[in-house]
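The sequence lines fix the lettering, A, B, ..., with proteins before strands; numbering per chain opens at 1. This is a predicted model, so every value here is computed, not measured.
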Amino acid sequence: MTVPLALRPVAAQEFSLAATLASGQVFHWSPQGQGYAGVIDESPVYVEQQGDRLLTTGEPAVVARYFALDHPLAEIYASFPDDPAMRAALEYCRGMRIIRQPAWECLATFITSSMKQVAHIAQISRVLRERYGRRLGPGGPYAYPGPERLAVLREDDLRACALGYRAGNLLKTARMIAAGEVDLDAIRAMPDDLAREELCRLAGVGEKVANCVLLFACERVRAFPIDVWIERVLRENYFKGKRKVTAGRLRDFTREYFGEYGGYAQQYLFHHARSARHRKS
DNA sequence: TGCCAGGCCAAAT
DNA sequence: ATTTGGCATGGC
(Lines give C-alpha, C1' and ligand atoms only; values in the text may rest on other atoms or scores of the structure.)
Protein backbone atom coordinates (compact mmCIF):
# COMPACT_ATOMS: atom_id res chain seq x y z
CA MET A 1 0.00 0.00 0.00
CA THR A 2 1.04 3.59 -0.42
CA VAL A 3 3.01 5.36 2.28
CA PRO A 4 0.85 8.02 3.95
CA LEU A 5 2.05 11.43 2.84
CA ALA A 6 1.86 14.56 4.90
CA LEU A 7 -0.75 17.04 3.70
CA ARG A 8 0.56 20.54 3.21
CA PRO A 9 -1.65 23.63 3.43
CA VAL A 10 -2.20 26.12 0.59
CA ALA A 11 -4.07 29.38 1.18
CA ALA A 12 -7.15 29.41 -1.07
CA GLN A 13 -9.56 32.29 -0.54
CA GLU A 14 -12.54 32.63 -2.88
CA PHE A 15 -12.08 29.15 -4.26
CA SER A 16 -14.38 26.20 -4.86
CA LEU A 17 -12.41 23.07 -5.64
CA ALA A 18 -15.60 21.07 -6.19
CA ALA A 19 -17.09 23.53 -8.71
CA THR A 20 -13.76 23.86 -10.50
CA LEU A 21 -13.27 20.12 -10.97
CA ALA A 22 -16.93 19.47 -11.86
CA SER A 23 -17.15 22.18 -14.51
CA GLY A 24 -15.98 20.23 -17.55
CA GLN A 25 -12.65 21.96 -18.14
CA VAL A 26 -10.52 19.05 -16.90
CA PHE A 27 -11.51 15.39 -16.94
CA HIS A 28 -9.18 13.14 -15.01
CA TRP A 29 -9.66 14.06 -11.33
CA SER A 30 -11.56 11.50 -9.28
CA PRO A 31 -13.12 11.71 -5.81
CA GLN A 32 -10.97 10.10 -3.13
CA GLY A 33 -11.39 10.35 0.62
CA GLN A 34 -12.37 13.89 1.54
CA GLY A 35 -10.99 15.29 -1.71
CA TYR A 36 -9.75 14.39 -5.18
CA ALA A 37 -6.86 12.48 -6.73
CA GLY A 38 -5.31 13.59 -9.99
CA VAL A 39 -2.12 14.35 -11.84
CA ILE A 40 -0.42 17.69 -12.47
CA ASP A 41 2.05 17.31 -15.32
CA GLU A 42 3.89 14.18 -14.18
CA SER A 43 3.14 14.38 -10.46
CA PRO A 44 0.40 12.47 -8.65
CA VAL A 45 -1.53 14.89 -6.46
CA TYR A 46 -4.19 14.51 -3.80
CA VAL A 47 -6.02 17.67 -2.80
CA GLU A 48 -8.91 18.49 -0.50
CA GLN A 49 -10.52 21.74 0.56
CA GLN A 50 -10.99 22.81 4.19
CA GLY A 51 -12.60 26.22 4.14
CA ASP A 52 -10.17 28.86 3.00
CA ARG A 53 -7.30 26.50 2.41
CA LEU A 54 -6.34 23.40 0.48
CA LEU A 55 -4.57 20.40 1.94
CA THR A 56 -2.44 18.62 -0.62
CA THR A 57 0.30 16.07 -1.15
CA GLY A 58 1.57 18.23 -4.00
CA GLU A 59 4.08 21.05 -4.08
CA PRO A 60 2.10 24.04 -2.73
CA ALA A 61 3.37 26.48 -5.35
CA VAL A 62 2.57 24.03 -8.15
CA VAL A 63 -0.93 23.38 -6.81
CA ALA A 64 -1.61 27.10 -6.36
CA ARG A 65 -0.51 27.81 -9.91
CA TYR A 66 -2.47 24.90 -11.43
CA PHE A 67 -5.71 25.99 -9.77
CA ALA A 68 -5.03 29.64 -10.65
CA LEU A 69 -5.41 30.82 -7.07
CA ASP A 70 -3.74 34.08 -8.12
CA HIS A 71 -6.54 35.07 -10.52
CA PRO A 72 -8.22 38.29 -9.26
CA LEU A 73 -11.68 36.85 -8.70
CA ALA A 74 -13.26 40.04 -7.32
CA GLU A 75 -12.07 41.98 -10.37
CA ILE A 76 -13.31 39.20 -12.64
CA TYR A 77 -16.78 39.22 -11.05
CA ALA A 78 -16.92 43.00 -11.30
CA SER A 79 -16.33 42.67 -15.06
CA PHE A 80 -19.29 40.31 -15.58
CA PRO A 81 -22.32 41.88 -17.27
CA ASP A 82 -25.22 42.46 -14.88
CA ASP A 83 -28.07 40.35 -16.25
CA PRO A 84 -30.27 37.56 -14.82
CA ALA A 85 -28.47 34.66 -16.52
CA MET A 86 -25.04 35.87 -15.44
CA ARG A 87 -26.16 36.59 -11.88
CA ALA A 88 -27.65 33.09 -11.52
CA ALA A 89 -24.50 31.46 -12.91
CA LEU A 90 -22.26 33.48 -10.58
CA GLU A 91 -24.38 32.57 -7.58
CA TYR A 92 -24.20 28.88 -8.46
CA CYS A 93 -20.49 28.70 -9.39
CA ARG A 94 -18.95 31.18 -6.96
CA GLY A 95 -15.28 30.32 -6.38
CA MET A 96 -14.83 28.39 -9.61
CA ARG A 97 -11.57 29.15 -11.39
CA ILE A 98 -10.17 28.61 -14.87
CA ILE A 99 -7.21 26.34 -14.18
CA ARG A 100 -3.84 26.22 -15.96
CA GLN A 101 -3.64 22.90 -17.76
CA PRO A 102 -0.66 21.43 -19.60
CA ALA A 103 -1.18 22.43 -23.25
CA TRP A 104 -0.85 19.04 -24.94
CA GLU A 105 -3.11 17.27 -22.46
CA CYS A 106 -5.74 19.97 -22.88
CA LEU A 107 -5.46 20.00 -26.67
CA ALA A 108 -5.69 16.21 -26.98
CA THR A 109 -8.65 15.80 -24.63
CA PHE A 110 -10.63 18.50 -26.41
CA ILE A 111 -9.90 16.91 -29.79
CA THR A 112 -11.56 13.80 -28.36
CA SER A 113 -14.47 15.87 -26.99
CA SER A 114 -16.20 16.43 -30.32
CA MET A 115 -19.85 15.35 -30.09
CA LYS A 116 -19.25 13.60 -26.78
CA GLN A 117 -20.76 13.98 -23.34
CA VAL A 118 -18.46 15.05 -20.50
CA ALA A 119 -18.65 11.60 -18.87
CA HIS A 120 -17.43 9.93 -22.02
CA ILE A 121 -14.61 12.41 -22.56
CA ALA A 122 -13.42 11.44 -19.09
CA GLN A 123 -13.69 7.78 -20.01
CA ILE A 124 -11.59 8.23 -23.16
CA SER A 125 -9.01 10.22 -21.23
CA ARG A 126 -8.77 7.43 -18.65
CA VAL A 127 -8.28 4.70 -21.25
CA LEU A 128 -5.59 6.68 -23.08
CA ARG A 129 -3.72 7.27 -19.81
CA GLU A 130 -3.93 3.67 -18.65
CA ARG A 131 -3.05 2.17 -22.02
CA TYR A 132 -0.37 4.54 -23.28
CA GLY A 133 0.61 6.84 -20.41
CA ARG A 134 3.59 6.43 -18.10
CA ARG A 135 2.74 5.02 -14.70
CA LEU A 136 3.78 7.40 -11.95
CA GLY A 137 5.18 5.06 -9.32
CA PRO A 138 4.06 1.56 -8.32
CA GLY A 139 0.30 1.43 -7.92
CA GLY A 140 0.16 5.08 -8.93
CA PRO A 141 -1.91 6.98 -11.49
CA TYR A 142 -0.90 7.47 -15.10
CA ALA A 143 0.41 10.54 -16.90
CA TYR A 144 -1.33 11.62 -20.11
CA PRO A 145 0.60 10.11 -23.06
CA GLY A 146 2.67 12.70 -24.87
CA PRO A 147 2.45 13.45 -28.61
CA GLU A 148 5.60 11.39 -29.31
CA ARG A 149 3.97 8.32 -27.76
CA LEU A 150 0.71 8.67 -29.67
CA ALA A 151 2.46 9.56 -32.92
CA VAL A 152 3.85 6.03 -33.34
CA LEU A 153 0.46 4.34 -32.99
CA ARG A 154 -1.87 3.29 -35.77
CA GLU A 155 -5.33 4.74 -36.14
CA ASP A 156 -6.84 1.37 -35.23
CA ASP A 157 -5.04 1.46 -31.88
CA LEU A 158 -6.86 4.68 -31.04
CA ARG A 159 -10.16 3.48 -32.48
CA ALA A 160 -9.85 0.60 -30.01
CA CYS A 161 -10.04 3.23 -27.26
CA ALA A 162 -13.56 4.13 -28.47
CA LEU A 163 -12.46 7.36 -30.13
CA GLY A 164 -14.45 6.72 -33.30
CA TYR A 165 -13.78 9.25 -36.07
CA ARG A 166 -11.73 11.33 -33.59
CA ALA A 167 -8.94 8.74 -33.74
CA GLY A 168 -7.59 10.01 -37.05
CA ASN A 169 -7.63 13.60 -35.83
CA LEU A 170 -5.78 12.83 -32.61
CA LEU A 171 -3.20 10.76 -34.47
CA LYS A 172 -2.56 13.41 -37.15
CA THR A 173 -2.28 16.14 -34.55
CA ALA A 174 0.09 14.07 -32.39
CA ARG A 175 2.30 13.59 -35.44
CA MET A 176 2.25 17.29 -36.34
CA ILE A 177 3.24 18.25 -32.80
CA ALA A 178 5.88 15.50 -32.53
CA ALA A 179 7.37 16.61 -35.85
CA GLY A 180 7.55 20.21 -34.69
CA GLU A 181 5.22 21.29 -37.47
CA VAL A 182 3.19 23.19 -34.90
CA ASP A 183 4.85 24.44 -31.71
CA LEU A 184 2.60 24.69 -28.65
CA ASP A 185 5.19 26.68 -26.69
CA ALA A 186 5.45 29.21 -29.49
CA ILE A 187 1.67 29.50 -29.59
CA ARG A 188 1.62 30.47 -25.93
CA ALA A 189 3.61 33.58 -26.83
CA MET A 190 1.47 34.64 -29.80
CA PRO A 191 -1.32 37.23 -29.83
CA ASP A 192 -4.80 35.69 -29.48
CA ASP A 193 -5.85 35.73 -33.12
CA LEU A 194 -2.58 34.35 -34.44
CA ALA A 195 -2.49 31.66 -31.75
CA ARG A 196 -6.05 30.61 -32.65
CA GLU A 197 -5.18 30.50 -36.34
CA GLU A 198 -2.13 28.35 -35.63
CA LEU A 199 -4.10 25.92 -33.46
CA CYS A 200 -6.70 25.56 -36.22
CA ARG A 201 -4.02 24.11 -38.52
CA LEU A 202 -4.15 20.96 -36.38
CA ALA A 203 -6.45 18.07 -37.31
CA GLY A 204 -9.73 18.09 -35.44
CA VAL A 205 -9.18 21.62 -34.17
CA GLY A 206 -11.67 24.29 -35.17
CA GLU A 207 -12.61 27.56 -33.54
CA LYS A 208 -14.31 25.95 -30.54
CA VAL A 209 -11.52 23.55 -29.57
CA ALA A 210 -8.89 26.24 -30.26
CA ASN A 211 -10.70 28.56 -27.85
CA CYS A 212 -10.78 25.82 -25.21
CA VAL A 213 -7.02 25.39 -25.49
CA LEU A 214 -6.46 29.16 -25.38
CA LEU A 215 -8.70 29.48 -22.32
CA PHE A 216 -7.74 26.38 -20.32
CA ALA A 217 -4.05 26.11 -21.21
CA CYS A 218 -2.80 29.45 -22.55
CA GLU A 219 -4.18 31.90 -19.99
CA ARG A 220 -6.37 33.68 -22.55
CA VAL A 221 -9.24 34.52 -20.21
CA ARG A 222 -11.04 36.39 -23.00
CA ALA A 223 -11.35 33.27 -25.19
CA PHE A 224 -15.04 32.27 -25.41
CA PRO A 225 -15.66 28.71 -26.65
CA ILE A 226 -19.18 28.33 -28.09
CA ASP A 227 -20.52 24.78 -27.85
CA VAL A 228 -24.11 23.53 -28.06
CA TRP A 229 -24.82 24.38 -24.40
CA ILE A 230 -23.46 27.93 -24.56
CA GLU A 231 -25.19 28.52 -27.88
CA ARG A 232 -28.47 27.56 -26.26
CA VAL A 233 -27.79 29.85 -23.28
CA LEU A 234 -26.94 32.75 -25.59
CA ARG A 235 -30.00 32.32 -27.81
CA GLU A 236 -32.42 31.88 -24.91
CA ASN A 237 -31.11 34.76 -22.82
CA TYR A 238 -29.77 37.36 -25.24
CA PHE A 239 -31.54 36.69 -28.55
CA LYS A 240 -34.94 35.55 -27.30
CA GLY A 241 -37.39 35.23 -30.18
CA LYS A 242 -34.99 36.51 -32.81
CA ARG A 243 -34.45 34.48 -35.97
CA LYS A 244 -31.52 34.09 -38.26
CA VAL A 245 -28.87 34.82 -35.63
CA THR A 246 -25.79 33.35 -37.28
CA ALA A 247 -22.76 31.84 -35.56
CA GLY A 248 -20.72 34.84 -36.62
CA ARG A 249 -23.20 37.20 -35.01
CA LEU A 250 -23.08 35.20 -31.77
CA ARG A 251 -19.28 35.28 -31.74
CA ASP A 252 -19.19 39.05 -32.26
CA PHE A 253 -21.76 39.54 -29.50
CA THR A 254 -19.78 37.52 -26.93
CA ARG A 255 -16.59 39.47 -27.58
CA GLU A 256 -18.32 42.78 -27.13
CA TYR A 257 -20.72 41.87 -24.32
CA PHE A 258 -18.65 39.70 -21.97
CA GLY A 259 -15.39 41.58 -22.32
CA GLU A 260 -12.01 41.13 -20.72
CA TYR A 261 -12.86 37.98 -18.74
CA GLY A 262 -15.27 36.50 -21.26
CA GLY A 263 -13.81 33.03 -20.82
CA TYR A 264 -14.68 33.09 -17.15
CA ALA A 265 -18.22 34.27 -17.89
CA GLN A 266 -18.55 31.51 -20.47
CA GLN A 267 -17.43 28.78 -18.03
CA TYR A 268 -19.82 30.00 -15.34
CA LEU A 269 -22.74 30.01 -17.79
CA PHE A 270 -21.74 26.59 -19.11
CA HIS A 271 -21.43 24.89 -15.74
CA HIS A 272 -24.64 26.43 -14.44
CA ALA A 273 -26.62 25.40 -17.52
CA ARG A 274 -25.35 21.83 -17.46
CA SER A 275 -25.94 21.45 -13.74
CA ALA A 276 -29.48 22.78 -14.06
CA ARG A 277 -30.25 20.23 -16.76
CA HIS A 278 -28.91 17.34 -14.72
CA ARG A 279 -30.76 18.38 -11.56
CA LYS A 280 -34.07 18.39 -13.42
CA SER A 281 -34.12 14.64 -14.10
C1' DT B 1 -36.25 3.48 -30.14
C1' DG B 2 -34.70 7.83 -31.07
C1' DC B 3 -32.26 11.85 -29.80
C1' DC B 4 -28.39 14.22 -28.14
C1' DA B 5 -23.56 14.94 -26.81
C1' DG B 6 -18.14 21.00 -24.82
C1' DG B 7 -17.42 19.79 -33.43
C1' DC B 8 -14.83 19.51 -37.56
C1' DC B 9 -14.46 19.33 -42.46
C1' DA B 10 -15.46 19.69 -47.30
C1' DA B 11 -18.72 21.06 -50.58
C1' DA B 12 -22.31 23.96 -52.17
C1' DT B 13 -24.82 28.28 -51.89
C1' DA C 1 -20.04 34.37 -45.00
C1' DT C 2 -23.36 30.79 -44.03
C1' DT C 3 -25.61 26.21 -44.51
C1' DT C 4 -25.55 21.12 -45.03
C1' DG C 5 -24.36 16.21 -44.50
C1' DG C 6 -21.26 12.81 -42.74
C1' DC C 7 -18.66 11.08 -39.22
C1' DA C 8 -18.56 6.81 -34.27
C1' DT C 9 -20.00 5.90 -29.83
C1' DG C 10 -22.58 5.75 -25.48
C1' DG C 11 -26.24 7.55 -22.14
C1' DC C 12 -30.68 8.55 -21.20
Counting only distance, no hydrogens or angles, is the base of B:dG7 paired donor-acceptor with the side chain of A:Ser114 under 3.5 Å?
yes
Look at the side chain of A:Thr246 and decide which nucleotide, out of C:dT3, C:dA8, B:dC8, has an atom nearest to it.
C:dT3
Closest to the side chain of A:Gln267, out of C:dT9, B:dG6, C:dA8, is B:dG6
Measure up the A:Phe253 and A:Phe258 rings against each other and bin them: parallel (under 30°), tilted (30 to 60°), perpendicular (over 60°).
perpendicular
If only side-chain N and O atoms count, and only distance matters, is there a donor-acceptor pair under 3.5 Å linking A:His71 with A:Tyr264?
yes
Rounded distance in Å between the C1' positions of B:dG6 and C:dT2:
22 Å
Out of B:dC8, C:dA8, B:dG6, which has the shortest distance to the side chain of A:Met115?
C:dA8
Regarding A:Gly24, tell me which of base, sugar-phosphate or nothing describes its non-hydrogen contacts under 4.0 Å with the strands shown.
base
Would you say a side-chain N or O of A:Arg159 is under 4.0 Å from OP1 or OP2 of C:dA8?
yes
Output yes when at least one side-chain N/O atom of A:Arg232 is less than 4.0 Å from OP1 or OP2 of B:dA5, else no.
yes
If pairing requires Watson-Crick or G-U wobble contacts with both distances under 3.5 Å, which nucleotide is the partner of C:dG10?
B:dC4
When the C1' atoms of C:dC7 and B:dA5 are compared, how many Å lie between them, rounded to an integer?
14 Å
